[in-house]
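Order of the sequence lines sets the chain letters (A, B, ...), proteins ahead of strands, with each chain counted from 1.
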Amino acid sequence: MSKSNTWQRTHHCGALRPQDAGKTVVLNGWVASRRDHGGVIFANLRDRWGVTQVVFHPEQAELIAQAGNLKLESTVGLRGRVVKRPDNMVNPNMPTGGIEVAAEELVVYSEAKPLPFTIKDPPDALDETRLKYRYLDLRRPAMQKNMILRHKAAQAVRRYFDEKEFLEIETPFLMKSTPEGARDYLVPSRIYKGRFYALPQSPQTYKQLLMVSGFDRYFQIVRCFRDEDQRADRQPEFTQIDVEMSFVDEDAVFGVMEGLMARLFKEILGKEVPVPFLRLPYPEAMAKYGMDKPDLRFGMEIEDISGIASQTEFQVFKDAVASGGAVRGFNASGIGALSRKDADGLAEFVKTFGAKGLVTLQVQQDGIKTPISKFVSEGHLKRMAELYDAKPGDVIFMVAAEEKTCCAALGNLRNKIAADHKMIKPDDLSILWVVDFPLVEWDEQEKRFVAMHHPFTSPKPEDVPLMGSDPAKVRARAYDLVLNGAEIAGGSIRIHESGLQQKMFHLLGIDADTARRKFGYLMDAFQYGAPPHGGIAFGFDRLVAMLAGEDSIREVIAFPKTTSALSLMDGSPSEVDEVQLRELGIKLE
RNA sequence: GGGGUCGUAGUUCAACUUGGUUAGAGCGCCGGCCUGUCACGCCGGAGGUUGCGGGUUCGAGCCCCGUCGGCCCCGCCA
């Protein structure tokens with residue numbers, strides 16, 4: 001059989017069952033394993049559908065010789081007869097374990113060199129090795145499963161929006177660089193030297209313009225680019241489910257998105273998700289959970305005890321309150337005794353969020369054990385314990401700092417304690433809207449207000465008068481969707497009047513000239529009949545990662561980059577020819 | 001930009017408290033044996049610029065400085 005001809009398979013490697021016994025079949029696949037017994041030889045053939053055992057019998061000398069030379073991960077074609085295995089040889093761990101294929105003819109399409117690592121789950125290779133040979137890593141069943149799940153989620157999204165009369169419309173990847181937001185990836189223009197396109201951080205302005213065009217109900221599964229530092233859940237390019245609707249308020253957007261989430265969980269995981277979702281105001285989220293993406297799968301709500309704390313003789317507490325900060329904490333109920341080492345570790349942890357230290361109260365049968373007993377009377381300690389409703393076996397964690405630091409330290413500590421003490425049951429689900437975000441926040445470095453969401457987010461109508469007098473108090477018509485403590489979507493009802501948009505730019509310290517130069521097209525568009533509109537964007541990679549039960553979005557992206565934005569496989573970014581640079585009019589320093 | 005952690009055979013790891021002879025093991029690879037395994041088994045063998053550069057030392061995988069790279073985190077991410 002010539003190698004140039006690919007045998008056309010009759011079945012894939014996960015298909016055959018005992019009822020197929022007697023059929024002559026052709027399989028194509030990779031040699032996943034080979035077990036040479038000196039006489040009989042077994043091999044497993046793998047493709048993306050499954051694995052099938054092939055058996056070579058010693059009577060066929062030529063075949064046996066071929067099989068004996070089979071290299072792992074070579075691609076082969078195999079013709080043979082399906083044989084039902086005797087009961088004592090059935091492999092119950094394989095879907096195809098009831099049969100094997102007795103080989104009659106074998107062709108090696110491509111012999112594989114020894115692999116840098118074994119194709120198996122979990123991988124026995126480091127991330128670095130996996131990324132360098134990503135095409136091999138993707139052969140692992142777990143990765144294949146993730147890619148299939150991602151595909152299914154994308155198809156479910158498309159079906160859902162299509163049913164709801166949304167239109168999928170593509171928007172440009174080469175667009176105008178905009179101020180605000182993340183650092184842009186720039187693309188030099190060859191025709192106009194010295195000018196640059198930017199890759200979209202999101203199709204935000206385009207989808208708003210599509211609303212002006214009358215394409216009420218738009219969605220797109222679209223790549224976005226942000227040149228910022230990476231994390232387990234952040235890649236330089238990532239995928240959004242981008243959505244926009246006209247003539248809507250928050251309720252209309254929430255309704256459609258809750259339906260989408262329910263559909264995805266049902267189709268992908270077979271799980272029912274109760275709708276509507278809880279709506280938690282931002283100030284409450286910050287006060288109780290210390291963050292705008294709270295995980296409600298466990299309790300340990302944060303309480304402010306600045307009142308009692310300032311009455312104690314503990315200078316750290318008194319100073320914090322006196323200087324306008326707070327003393328807050330939460331009760332890690334039932335975690336039991338805390339070793340010195342654990343306590344030190346947790347203190348180090350909160351320090352990364354700016355806290356100076358961590359105060360612990362260990363409530364025990366015979367009293368309260370705390371490092372601050374020298375400064376705080378027994379009465380005060382008891383009142384604190386009461387305030388946190390603490391019983392023996394509980395540990396109260398407290399941080400004294402300015403409010404922002406209290407939130408960050410305690411909010412993240414709360415998550416860590418829950419994770420460390422395995423407080424989250426596998427099937428628990430926490431899904432909620434966080435609403436009533438501030439429109440802007442003060443940026444100490446830039447000495448100006450910056451948009452908390454983005455500059456096109458509408459303020460609440462009743463708060464518009466405050467834009468001039470007390471901007472920090474203005475609430476936005478913005479919302480985030482939070483799933484198990486991760487922000488998976490964010491959106492808002494937008495500004496659709498050029499006047500209000502100008503006011504917003506003014507508030508952000510963007511002068512009229514700059515606003516016109518950067519966003520003139522949007523403000524112009526709003527003057528020709530703009531519908532009230534709003535929308536949302538999902539982090540599709542994060543969503544898929546959660547559905548797949550993965551901690552890092554790298555596990556659900558076929559070809560991800562490293563935390564330093566390198567592609568270890570193809571070596572990008574790379575230097576380019578001098579000629580290319582000259583054409584673009586670019587000189588390197 | 002900052003912090004933590006890691007980098008030793010193709011690969012995953014080890015080499016101890018305190019720098020000291022020839023840097024070890026599993027898997028993989030190569031050779032041999034094996035007719036029912038399914039991570040087959042057994043015997044033997046090859047395989048090393050200890051990421052890279054410099055320094056300290058009689059002597060460095062180990063200590064110091066720099067650099068490159070992986071992962072996690074802070075900042076950043078409208």
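Comparing A/Thr562 and A/Met452 against RNA chain B, the residue whose closest nucleotide sits nearer the 5' end is A/Thr562.
Note: A/Trp49 and A/His12 have parallel aromatic rings, judged against thresholds of 30 and 60 degrees for the angle between ring planes. Relative orientation of the A/Tyr282 and A/Phe437 rings is tilted, given thresholds of 30° and 60° on the angle between their planes. Between A/Phe456 and A/His454, the two ring planes are tilted [angle within 30° to 60°].
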Got a list of protein N/O to nucleotides 45-48 of chain B N/O distances below 3.5 Å?
none

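Cation-pi check for A/Lys416 over A/Phe349 is met; the charged atom lies under 6.0 angstrom from the ring centroid and within 45 degrees of its normal.
Nucleic acid contact for A/Ile41: none, since no nucleic acid atom lies under 4.0 Å from a heavy atom of the residue. A/Arg130 comes within 4.0 angstrom of no nucleic acid atom, judged by non-hydrogen atoms across all strands. Residue contacts shown for A/Gln204 include a base, since a base heavy atom lies under 4.0 Å away. Using a 4.0 Å heavy-atom distance criterion, A/Phe353 is classed as a sugar-phosphate-only contact. A/Ser202 comes within 4.0 angstrom of a base, heavy atoms only. Among the atoms of the strands shown, only primed sugar atoms or phosphate atoms (P, OP1, OP2) are found under 4.0 Å from some heavy atom of A/Asp124. In this structure, A/Pro116 reaches the sugar-phosphate backbone alone: every heavy-atom distance under 4.0 Å involves primed, P, OP1 or OP2 atoms, never a base. Within the nucleic acid shown, A/Asp229 comes within 4.0 Å of at least one base atom, counting heavy atoms only.
Contact check, A/Ser33 against B/rC40: a side-chain N or O comes under 4.0 Å of OP1 or OP2. Put simply, A/Thr352 has no side-chain N or O that comes within less than 4.0 Å of OP1 or OP2 on B/rG4.
Judged purely by distance below 3.5 Å, without hydrogens or angles, the side chains of A/Asn44 and A/Arg35 pair a donor atom with an acceptor atom. In this model, a donor atom of one side chain and an acceptor atom of the other lie less than 3.5 Å apart for A/Glu550 and A/Asn146. For A/Tyr206 and A/Gln204, the side-chain atoms include no donor-acceptor pair closer than 3.5 Å. When only modelled atom types and interatomic distance are considered, A/Thr562 and A/Ser564 share a side-chain donor-acceptor pair under 3.5 Å.
Residue A/Arg231 contributes atom CZ, which lies 7 Å from atom P of B/rG75 at whole-angstrom precision. Spacing between atom CD1 of A/Ile553 and atom C1' of B/rC77 amounts to 12 Å, rounded to whole angstrom units. Following rounding to the nearest Å, A/Asp292 (CG) and B/rC77 (C1') show an atom-to-atom distance of 13 Å.
Between the A/Asp344 side chain and the A/Lys341 main chain, no donor and acceptor come within less than 3.5 Å of each other.
No more than 12 heavy atoms of other residues, nucleotides or ligands sit less than 6.0 Å from atom CG of A/Asp551. No more than 12 heavy atoms of other residues, nucleotides or ligands sit less than 6.0 Å from atom CG of A/Asp87. Counting heavy-atom neighbours within 6.0 Å of A/Tyr197 OH, excluding the residue itself, gives a total of 12 or less.
The partner of B/rC16 cannot be assigned: no Watson-Crick or G-U wobble pair with both contacts below 3.5 Å exists in any strand. Across all strands shown, B/rC52 is found opposite B/rG66 as a Watson-Crick or G-U wobble partner, with both distances under 3.5 Å. With both pairing distances under 3.5 Å, B/rC38 is matched to nothing as a Watson-Crick or G-U wobble pair. Using Watson-Crick or G-U wobble geometry with both donor-acceptor distances under 3.5 Å, B/rG44 finds its partner in B/rC30.
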>> For nucleotides 28-37 of chain B, give me one character per nucleotide, 5' to 3': B if any protein heavy atom sits under 4.0 Å from the base, S if the only such contacts are to the sugar-phosphate, - if neither.
In response: -SS---BBBB
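Below the 3.5 angstrom threshold, one finds no donor paired with an acceptor across the side chain of A/Asn44 and the base of B/rC38.
Closest to the side chain of A/Arg234, out of B/rC71, B/rC76, B/rC72, is B/rC76.
For A/Phe173 and A/Phe225, the ring centers sit closer than 6.0 Å to each other.
Taking the P atom of each, B/rG3 and B/rG66 are spaced 10 Å apart, rounded to whole Å. Atom name P, nucleotides B/rC13 and B/rC68: the rounded distance is 24 Å, in whole Å. B/rC16 and B/rU35 have their P atoms separated by 45 Å, given to the nearest Å.
Within residues 495-522 of chain A, no residue approaches RNA chain B, by heavy-atom distance under 4.0 Å.
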